[in-house]
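Both ligands and their constituent atoms are indexed starting at 1 by order of listing. Since the model is a prediction, treat every value here as computed from it, not as a measurement.
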Amino acid sequence: MSAQAGMPAPTRIAAQLPPRRYAVTEPPAQRPTWAQVDLDVIAANVALLKRQAAAGALMAVVKADGYGHGLVPAGQAALAGGADWLAVALVEEGSALRTAGITAPILVMTEPPATAIRALLDADLTPTVYTGAFASALAAALADLARGEPLAVHLKLDTGMRRVGVPQAQWEDALRQIRDTAGLRLQGLWSHFAVADEPDNPFIAHQAEEFRRGVAMASELGVPADITHLANSAGTLHLHDDQHDMVRPGLAVYGLEPTPGLFGDLPLRPALSWWTRLSMVKRLAAGESVSYGLRWTAARATTVATVPAGYADGVTRALSNLGQVVLRGRRVPIAGTVCMDQFLVNVGDLEVAAGDDVCLLGEQGGVSVTAQDWADWLGTINYEVVCGIGRRVPRVYLGGSA
Ligand SMILES: Cc1ncc(COP(=O)(O)O)c(C=O)c1O
């Protein structure tokens, strides 16, 4: 971790952020359960990340429907904030970005099956390569198409995560194969950290060193990459010596921390909040139970309210008798089993009414419930929480060109 020379003071950065827009928009007509995404916040987050990064360029990761925020709007907002590249996991994600008119370079971070190569080429996506078989399949497809220009590819080196990437023992062969394949040009060389969110883990330095070795090997073999990239959000935030030419953040683009506290003074903030409105309110007597399995029983007379969102929307059933929401500026607990479309909350003697706004994620009246809270309750990570917001929850966009 090196000092960041020239990093602007946080107060100056803060002055450039858009105003907070946690105000609730009108829900879509059909259903009072919706997720709000402030595209100006995504753009501002990207601008902040790029300014504080040691690397000159930024590739915003928008796979998995922009981590649940919406693929195309997230991609557009990231580009508006200064992203130079976008990254996706799947060819169809890249094709959808192209269909929406995005012309920026797009990296597909995993090798697709050979049957997707034609779609990849048609959409002018940049493939990641890490097997000889895929490199050969690409070359064969290019030969069939009789393309004049060689195809720019990014070679992924496995530096220790051992998920996908060229295993260390095969780096030299892989580099030679790309060098010697007429239709391919090595544009990028990259790798991925396994533990970047644990700043003190020595495996970070090990992987960084291995990656430097791979970059040097490429040069020695006469196939230097134009762009090298390694750092995810955590690496972008705290590994300033190992960012190479481009950082590759995902989660931080959306204003979420890979590890609590990792943002430090950097005023990144969540772009997404998730809302619904109470559908029913009722008073229970002591001893009365609610929902499937009758797994929650009122210890005393109390008010329970029905919330029209359920596990089919991403309010996972494991939150039964566990999670909390914000209602009238107070945290209230989920009572009983979360159902497919609904759950209940115990509000005690709080005055509430059908139609009241319920904040599932975000902030209401200065009280917040975060994706990290959900992750803590569920024993998972905030990534999974936002990716888990169901497809049937409409996304309502603020800012951007919306
Ligand atoms: C290969 C790769 N690069 C970058 C990222 C972005 O990581 P993060 O969301 O932690 O910034 C991911 C996310 O899973 C990834 O798989």
- Atoms of ligand 1 less than 4.0 Å from R163 heavy atoms? 1 (C), 16 (O)
- Query: Who's the nearest protein heavy-atom neighbour of atom 2 (C) of ligand 1, and how far?
  - Reply: H192 CE1, 3.3 Å
- Check against salt bridge (Lys or Arg N to Asp or Glu O under 4.0 Å), R300 and D349: CA-CA 11 Å; R300 61 173 182 86; D349 295 326; 3.4 Å; yes
- Task: Indicate yes or no: does D38 engage R269 in a salt bridge with an N to O separation below 4.0 Å.
- Result: no
- Quick one: which of Q207, H192, H244, R212 gives a side chain to side chain contact (heavy atoms under 4.5 Å, CB included) with L230? H244
- Query: Which of the atoms of ligand 1 are close to W190, meaning less than 4.0 Å from one of its heavy atoms?
  - Reply: 1 (C)
- Task: Select one of side chain, backbone, both or neither to describe which atoms of R248 lie under 4.0 Å from any atom of ligand 1, heavy atoms only.
- Result: both
- Can you tell me which residue and heavy atom of the protein come closest to atom 10 (O) of ligand 1, and the distance to 0.1 Å? Y383 OH, 2.5 Å
- Which atoms of ligand 1 are found less than 4.0 Å from any heavy atom of Y67? 6 (C), 7 (O), 8 (P), 9 (O), 13 (C)
- Which of the numbered atoms in ligand 1 are below 4.0 angstrom from a heavy atom of L251? 8 (P), 9 (O), 11 (O)
- Message: Assess the residue pair D341 and R392 against the criterion (salt bridge (Lys or Arg N to Asp or Glu O under 4.0 Å)); give the C-alpha distance rounded to whole Å, side-chain angles, the decisive distance to 0.1 Å, and a yes or no.
- Response: CA-CA 11 Å; D341 319 297; R392 73 176 192 175; 2.7 Å; yes
- Could you grab the distance from atom CG of L79 to atom OG1 of T103, nearest 0.5 Å is fine? 8.0 Å
- Check each atom of ligand 1 against the heavy atoms of S233 and keep those under 4.0 Å away; list them by number with element. 8 (P), 11 (O)
- Task: Show your reasoning for whether side-chain hydrogen bond (donor to acceptor under 3.5 Å, both in side chains) applies to Q177 and S136.
- Result: CA-CA 9 Å; Q177 182 183 5; S136 302; 3.3 Å; yes
- Message: If you take the nearest heavy atom of each of K63, E257, M161, M109, which one is closest to atom 14 (O) of ligand 1?
- Response: K63
- Message: Could you check whether E172 pairs with R176 (Lys NZ or Arg NE/NH1/NH2 to Asp/Glu carboxylate O, under 4.0 Å)?
- Response: yes
- Name of the residue among D356, T33, D357 meeting side chain to side chain donor-acceptor pair (under 3.5 Å) with R277: D357
- Check ion pair D84-K50 (N to O, under 4.0 angstrom): yes
- List the closest protein heavy-atom neighbour of atom 7 (O) of ligand 1: residue, atom name, distance to the nearest 0.1 Å. N232 CB, 3.4 Å
- Task: Identify, by atom number and element, the atoms of ligand 1 in contact range of G250, meaning under 4.0 Å from any of its heavy atoms.
- Result: 6 (C), 8 (P), 9 (O), 11 (O)
- Query: Of all the atoms in ligand 1, which lie at a distance below 4.0 Å from a heavy atom belonging to P249?
  - Reply: 11 (O)
- Is any N or O atom of V61, backbone or side chain, closer than 3.5 Å to an N or O atom of ligand 1? no
